[in-house]
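From a predicted model like this one, the values you see are computed outputs, not experimental measurements. Below, all heavy atoms of this structure are taken into account, side chains as well, without hydrogens, waters or symmetry copies.
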Amino acid sequence: MTAHPEEGLHVVVLGGGLAGVGCAHRLGDEGVRVTLVDRNDYHQFQPLLYQVATSQLPAEDIARPHRTIFREHPTVGIRTADVATIDVANRTLTLSDGDRITGTHLVIAAGARPEYFGVPGAAEHAFPLYSVADAERLRQHLQSTIRTGSESAGALDVVVVGGGPTGVEITGALTELMAALVATERISKPGTITVVDRGKTLLGAFSKKSHKYARKRLTEHGADPRLGTGVAAVHADRVEFDDGSTISTRTVIWGGGESAASVVGSATGLPTGRGGRIDVRPDLGVDGHPHVYAIGDVANIPAKDGSTLPQLGSVAQQSGVWAADNILRELHGDKAKPFHYKDKGIMAMIGRNAAVAEVGKRRHQLEGPLAFAAWLGVHAMLLSGAHSKADAFMSWAWDYFDRDHAATVEWSTAPQRIAWGDDSADVPHIKVDRGHSTPSAGNS
């Protein structure tokens, strides 16, 4: 399909994650003028954040400058800024510095933020894992704890809140990190990694077989699943549970849920549904607002059976491309089409050569190395949607999981400026604050 953009056409995309980049990339391919607005100057590959947090990967391996991604798309402009308000009726963003950007079309792809469900102290003391900055903050905290408190009782103990894919993946990575630190004699004994969830199983959306496999693998590596238990409060030195018990810990990692980026609820004036997300039509448009779309983790996207599609990277990337195609259809005078999601399945990495995957419509079950291969294929496709580094990613992944080498800890605590290959002129800056941030427009 070849578009011939009308003079003055301008699509404003809020959010530079998988959904926003997918949309802008598709429109840029057709020569449409696009302004991509994001609080970061880089795109981050969220599925590997947990490996940055546990020092298994440097941040530069999962982040790439937006300017580099769109280097061959001269009609796509990048604006790095926080968004203060969104005037949906006029398709206008007001930035924190007072500047305004108005488009003929607006695509809201602002991503997600952690949902703490009103748990006292969680926002102040827990470590979320939704951005590169979050991963770097957790990495620095773990390094500091290992250096200064490894001989204190309970100093290395960690509580992971949430037994979904995020919680299971970070738990698996932490058990490997502890084993590597013991093997290299940096610590005398590993800390206890406790993963907590109100549900009765790990990976609740998966099959019973996957539940059993995940629990077996984690417990074999020293993790302690604590299921059927909720968090009542989080303190700087302990976690309280709703059964009255406590665990002493300096490190609480929050993977207990997500909601739409704060800019949606506070700045759009749009009614929101589950998770604070924007309810959209099947074609991804926002009711009552022509030429406005919401995609990815910021939207409740209807499925064919009337349910809502999950917040997955594949949903985000596909919805971004679909919204772009609907905008291109408008240019031709055609009707927007309902979003058709190609379900690649659900999967989670548990550790080296250990994963679970349920692929295809019939949820064919895989585990171990075969599940890893499925995980690799799906994530390589997501990565290639953002840039052409899928071959490098696949080479790294096979090497990483095929060799039995110990995870190591980088001991520098300075915030990193990440470089990507030859792109030294486009080095993005990862902002790492001592406290916890709540982004107004996410990159997810």
- Message: Quick check for you: to the nearest 0.5 Å, what is the distance between Leu49 atom CG and Asp134 atom CG?
- Response: 7.5 Å
- Message: side-chain hydrogen bond (donor to acceptor under 3.5 Å, both in side chains) for Tyr341 and Ser314? Distances and angles first, verdict last.
- Response: CA-CA 9 Å; Tyr341 172 56; Ser314 54; 2.7 Å; yes
- Task: Of all the heavy-atom pairs spanning Asp283 and Asn326, show the shortest one and how long it is.
- Result: O-ND2, 3.1 Å
- Query: So, for Val298 and Ala260, which heavy atoms are closest and what is the spacing to 0.1 Å?
  - Reply: CG2-CB, 4.0 Å
- Message: Within the 4.5 Å heavy-atom criterion, are Val286 and Tyr293 side-chain neighbours or not?
- Response: no
- How many angstroms lie between CD in Gln143 and CZ in Arg139, if you round to the nearest 0.5 Å? 4.5 Å
- Task: Kindly give the heavy-atom pair with the smallest separation between Ala357 and Ala371, and that separation in Å.
- Result: N-CB, 3.8 Å
- Could you give me the CA-CA distance, side-chain angles and deciding distance for Arg79 and Asp97, then say whether salt bridge (Lys or Arg N to Asp or Glu O under 4.0 Å) is met? CA-CA 12 Å; Arg79 185 67 184 268; Asp97 61 6; 3.2 Å; yes
- Task: Check the pair Asp305, Ser307 against side-chain hydrogen bond (donor to acceptor under 3.5 Å, both in side chains), reporting the backbone distance first and the verdict last.
- Result: CA-CA 6 Å; Asp305 62 3; Ser307 63; 2.5 Å; yes
- Arg277 side chain to Ser259 backbone, donor-acceptor under 3.5 Å: no
- Item | Side-chain donor/acceptor of Ser319 to backbone N/O of Val315, under 3.5 Å | yes
- Task: For Ala135 and Leu129, work out which heavy atoms get closest and say how close.
- Result: CA-CD1, 3.7 Å
- Message: Between Ile301 and Val280, is there a side-chain heavy-atom distance shorter than 4.5 Å?
- Response: yes
- Query: Can you check whether His73 and His25 have ring centres sitting under 6.0 Å from each other?
  - Reply: yes
- Query: Where the side chain of Glu169 meets the backbone of Ala348, is there a donor-acceptor pair that is under 3.5 Å apart?
  - Reply: no
- Pairwise side-chain contact, His340 with Trp322, heavy-atom cut-off 4.5 Å (strictly under): yes
- Message: Side chains of Pro302 and Phe339, heavy atoms from C-beta outward: is any pair under 4.5 Å?
- Response: no
- Donor-acceptor pair, His66 side chain versus Gly16 backbone, under 3.5 Å? yes
- Do Tyr50 and Met349 come close enough that some side-chain heavy atom pair is under 4.5 Å? yes
- Test Leu202 against His211 for side-chain contact (heavy atoms from CB on, under 4.5 Å), laying out the working first. CA-CA 6 Å; Leu202 297 173; His211 299 164; 5.9 Å; no
- Message: Using every non-hydrogen atom in the two residues, find where Gln56 and Ala173 come nearest and quote the distance to one decimal.
- Response: NE2-O, 3.7 Å
- Working for side-chain contact (heavy atoms from CB on, under 4.5 Å), residues Leu18 and Val21: CA-CA 5 Å; Leu18 285 168; Val21 167; over 6 Å; no
- Note on the structure: Heavy-atom closest pair (Ala112 atom, Asp297 atom, distance to 0.1 Å) is CB-CB, 3.9 Å
- Is a donor on one side and an acceptor on the other found under 3.5 Å between the side chain of Asp197 and the backbone of Val161? no
- To the nearest 0.5 Å, tell me how far Met347 CE sits from Ser210 OG. 10.5 Å
- Item | Donor-acceptor under 3.5 Å (Arg329 side chain, Ala336 main chain) | no
- Message: Apply side-chain contact (heavy atoms from CB on, under 4.5 Å) to residues Ile86 and Val263 and explain how you reach the verdict.
- Response: CA-CA 8 Å; Ile86 306 173; Val263 70; 4.0 Å; yes
- Query: Any chance the rings of Trp254 and Phe127 have centres within less than 6.0 Å?
  - Reply: no
- Query: Roughly how far apart are Asn90 CG and Leu106 CG, rounded to 0.5 Å?
  - Reply: 11.0 Å
- N-O pairing of Asp287 and Arg281 below 4.0 Å: yes
- Message: Can you confirm whether the side chains of Thr104 and His291 place a donor and an acceptor under 3.5 Å from each other?
- Response: no
- Sole candidate of Leu156, Ile146, Thr54 that passes side chain to side chain contact (heavy atoms under 4.5 Å, CB included) when paired with Met178: Leu156
- Query: Would you say the side-chain atoms of His141 pair up with the backbone N or O of Arg250, donor to acceptor, closer than 3.5 Å?
  - Reply: yes
- Item | From Pro128, Ser131, Ser262, residue fulfilling side chain to side chain contact (heavy atoms under 4.5 Å, CB included) relative to Arg113 | Ser262
- Item | Spacing of NE2 belonging to His125 relative to OG1 belonging to Thr249, to within rounding of 0.5 Å | 12.5 Å
- Item | Side chains of Thr166 and Tyr130 in contact at under 4.5 Å (non-hydrogen atoms) | no
- Message: Does Thr171 form a side-chain contact (heavy atoms from CB on, under 4.5 Å) with Thr194? I'd like the steps, not just the answer.
- Response: CA-CA 8 Å; Thr171 299; Thr194 304; over 6 Å; no
- Task: Spell out, as yes or no, whether a donor-acceptor pair under 3.5 Å connects the side chain of Thr251 to the backbone of Val158.
- Result: no
- Can you list the steps and then say if Asp325 with Lys337 is a salt bridge (Lys or Arg N to Asp or Glu O under 4.0 Å)? CA-CA 9 Å; Asp325 282 338; Lys337 292 184 178 181; over 6 Å; no
- Answer yes or no: is there an ion pair linking Arg274 with Asp279, defined by an N-O contact shorter than 4.0 Å? no
- Task: Kindly determine whether Ser207 and Glu358 satisfy side-chain hydrogen bond (donor to acceptor under 3.5 Å, both in side chains), including the steps that lead there.
- Result: CA-CA 8 Å; Ser207 67; Glu358 298 175 11; 2.9 Å; yes
- Query: Do the side chains of Ile327 and Val11 get nearer than 4.5 Å, heavy atoms only?
  - Reply: yes
- Message: Do Ile295 and Val107 have side chains that approach each other closer than 4.5 Å (heavy atoms only, starting at C-beta)?
- Response: yes
- Among Ile108, Thr85, Val37, which residue meets the side chain to side chain contact (heavy atoms under 4.5 Å, CB included) test with Leu93? Val37
- Task: Find the distance between CG (Leu14) and CG (Asp38) and round it off to the nearest 0.5 Å.
- Result: 7.5 Å
- Examine distances only and state if a side-chain atom of Asn40 and a backbone atom of Tyr42 form a donor-acceptor pair shorter than 3.5 Å. no
- Any sub-3.5 Å donor-acceptor pair from Glu30's side-chain atoms to Leu328's backbone N or O? no
